[in-house]
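Structure first, then comments.
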Amino acid sequence: MNKVLIIGAGGVGTVVAHKCAMHPEVFNEIVIASRTKSKCDAVAKAIGSDRVTTDRVDADSVDELVELFNRHRPDIVINVALPYQDLTIMEACLQCGVNYLDTANYEPKDEAHFEYSWQWAYRERFEKAGLTAILGCGFDPGVSGVFTAYAAKHYFSEMQTLDIVDCNAGDHGKAFATNFNPEINIREITQNGRYYQDGKWVTTGPLEIHAPLTYPNIGPRDSYLLYHEELESLVQNFPTIRRARFWMTFGQEYLTHLRVIQDIGMARIDEIEYNGVKIVPLQFLKAVLPNPQDLGENYHGETSIGCRIAGLDKEGKPMTYYIYNNCSHEEAYRETGMQAVSYTTGVPAMTGAMMFLTGKWVKPGVHNVEEFDPDPFLAAIAENGLPWHEIINEPLEVDKI
């Protein structure tokens with residue numbers, strides 16, 4: 001009997017729970033836990049299965065997590081809580097002998113900075129315990145890394161350039177809203193950009209580099225260079241890559257709102273005192289912005305995320321390769337009640353846990369997704385709502401930038 005414990009009942013956690021419940025042959029028992037149990041109860045009620053139960057936990061507390069894990073004894077924990085909580089959850093997994101999976105790497109709560117070093121430091125402990133930890137199993141990071149591994153396995157003798165491109169061409173009808181946790185989203189896109197070039201990291205100003213890129217079934221969209229965590233592991237695991245970049249689309253109205261938020265100090269992550277109470281401006285802003293979980297009903301359009309890779313094919317000839325998925329907001333909502341950004345993160349998280357529980361992705365230690373066999377994973381996401389497509393030896397556009 002396989003038992004999975006999902007930590008987090010936001011948009012992504014809701015999708016993960018729905019998708020796990022669709023596979024009783026793999027996920028025999030499902031537990032959903034978060035700081036607010038009523039949110040978990042609402043997800044369980046929507047699923048309507050007696051295999052789904054709920055609990056409460058403060059994921060900032062190792063002691064509470066240990067108590068939760070010992071009470072439920074899951075085979076694997078799917079962490080879709082906040083990135084600040086990765087280390088406490090990993091620590092509790094080690095103490096209780098539980099395998100681990102997440103969708104985003106750790107970042108300190110008081111600093112807008114993320115890198116894998118904190119989690120990679122757990123490698124030896126997980127390996128000695130015989131436990132598998134799968135890092136970054138959303139879409140980007142996640143499927144983007146698996147796409148890259150698939151390209152290396154089947155097409156390239158040498159990958160030379162990698163551009164991960166992420167477009168959300170949807171419209172939710174709100175003046176300003178973020179598609180996932182506002183606090184994490186705004187921290188991510190307001191920091192400096194960074195990309196990998198010839199063995200070194202090059203830093204840019206926030207959203208300084210941008211260009212129009214054409215996305216399948218969508219058309220041209222302004223795309224901005226950001227730093228994204230999967231670049232760090234991909235250039236290590238595929239050392240022939242000479243340049244690696246990450247691009248994301250933003251509309252001008254969104255950027256105008258973002259600039260105002262920064263200019264008036266609402267993007268600050270340090271504490272200030274207001275009426276004798278200490279508050280963090282960005283956390284206050286999160287409380288008044290639309291909840292990403294509530295965007296799905298009126299969301300139209302689709303996302304398009306993929307990898308554009310150039311290098312030498314298996315015979316040593318120049319080759320370009322574009323592998324991508326387009327996901328409809330409307331279809332995601334009809335199936336899970338959540339919009340496509342949550343859906344494209346939740347489906348891979350469920351699939352990664354499925355890979356582990358079926359014995360396809362079992363490797364004691366701490367590993368990024370591209371270190372596992374990409375074939376069964378990509379077959380499974382295609383069967384579970386995220387079909388992917390390939391374009392071979394066509395212009396990539398990114399080479400002109």
Side-chain angles (χ1 to χ4, degrees), residues 1-21 23-24 26-109 118-119 121-122 125-126 128-138 181 184 293 342 345-346 349-350 352-354 356-357 362 364 366:
M1 296 292 287
N2 293 325
K3 189 173 189 178
V4 62
L5 194 156
I6 303 163
I7 300 180
V12 177
T14 300
V15 174
V16 173
H18 274 82
K19 300 302 282 192
C20 286
H23 291 279
V26 176
F27 303 99
N28 309 126
E29 295 181 62
I30 302 163
V31 181
I32 313 168
S34 77
R35 193 188 303 267
T36 307
K37 188 175 180 294
S38 59
K39 293 175 65 176
C40 304
D41 293 338
V43 175
K45 182 179 179 181
I47 294 171
S49 169
D50 58 7
R51 293 183 298 107
V52 182
T53 58
T54 66
D55 211 324
R56 184 206 170 275
V57 70
D58 178 356
D60 290 324
S61 168
V62 174
D63 290 342
E64 285 197 26
L65 288 162
V66 167
E67 183 182 354
L68 178 76
F69 296 171
N70 283 335
R71 186 160 63 249
H72 291 285
R73 307 305 306 174
D75 296 286
I76 188 168
V77 163
I78 300 177
N79 168 18
V80 284
L82 294 171
Y84 322 139
Q85 298 163 329
D86 289 359
L87 300 188
T88 54
I89 297 172
M90 291 180 77
E91 183 65 42
C93 283
L94 282 167
Q95 291 189 29
C96 300
V98 177
N99 299 283
Y100 172 87
L101 179 146
D102 67 30
T103 62
N105 75 350
Y106 173 76
E107 59 179 280
K109 196 168 187 176
W118 290 290
Q119 292 180 275
Y122 281 76
R125 293 178 65 194
F126 269 83
K128 285 184 175 179
L131 298 172
T132 297
I134 301 170
L135 303 186
C137 199
N181 185 295
I184 304 303
Q293 281 182 263
S342 295
T345 304
M350 177 280 295
M354 175 187 286
F356 172 79
L357 291 172
V362 178
V366 176

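Positions are given from 1, in the same order as the sequence printed here. Quick note: numbers below take in every heavy atom, side chains included, and nothing from hydrogens, waters or symmetry partners.
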Search all heavy atoms of [X] against all heavy atoms of [Y] and return the closest pair with its distance.
X	Y	answer
Ala349	Thr103	CB-CG2, 3.8 Å
Val80	Gly13	CG2-CA, 3.7 Å
Ala44	Thr54	CB-CG2, 3.8 Å
Ala59	Leu65	O-CD1, 3.5 Å
Ala17	Ile32	CB-CD1, 3.8 Å
Ile47	Ala21	CG2-CB, 3.6 Å

Legend entry - Listed once per pair and sorted, the salt bridge (Lys or Arg N to Asp or Glu O under 4.0 Å) pairs that draw on residues 35-46, sequence neighbours left out: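 Found Arg35-Asp58, Arg35-Asp60, Lys37-Asp41.
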Inset, instruction - Scan for salt bridge (Lys or Arg N to Asp or Glu O under 4.0 Å) pairs involving residues 86-95, sequence neighbours excluded, and state none if there are none. - result: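 Sorted result for residues 86-95: Glu91-Arg125.
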Do [X] and [Y] have side-chain heavy atoms sitting under 4.5 Å apart?
X	Y	value
Val4	Asp75	no
Tyr122	Leu94	yes
Val366	Met90	yes
Cys96	Arg73	yes
Phe27	Leu357	yes
Arg56	Glu64	yes
Phe126	Asn99	no
Val15	Thr345	no

Salt bridge (charged side-chain N to carboxylate O under 4.0 Å, His left out) against [X], all qualifying residues, sequence neighbours excluded:
X	answer
Lys3	Glu29
Arg51	none
Asp55	Arg71

Legend entry - With sequence neighbours excluded, residues passing ring-ring contact (aromatic ring centres under 6.0 Å, His included) with Tyr106: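 Here the qualifying residues are Trp118.
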Inset, instruction - Test Pro74 against every option in Asn2, Val98, Ile6, Val31 by the side chain to side chain contact (heavy atoms under 4.5 Å, CB included) rule and name the one that passes. - result: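 Of the listed residues Asn2, Val98, Ile6, Val31, the side chain to side chain contact (heavy atoms under 4.5 Å, CB included) partner of Pro74 is Val98.
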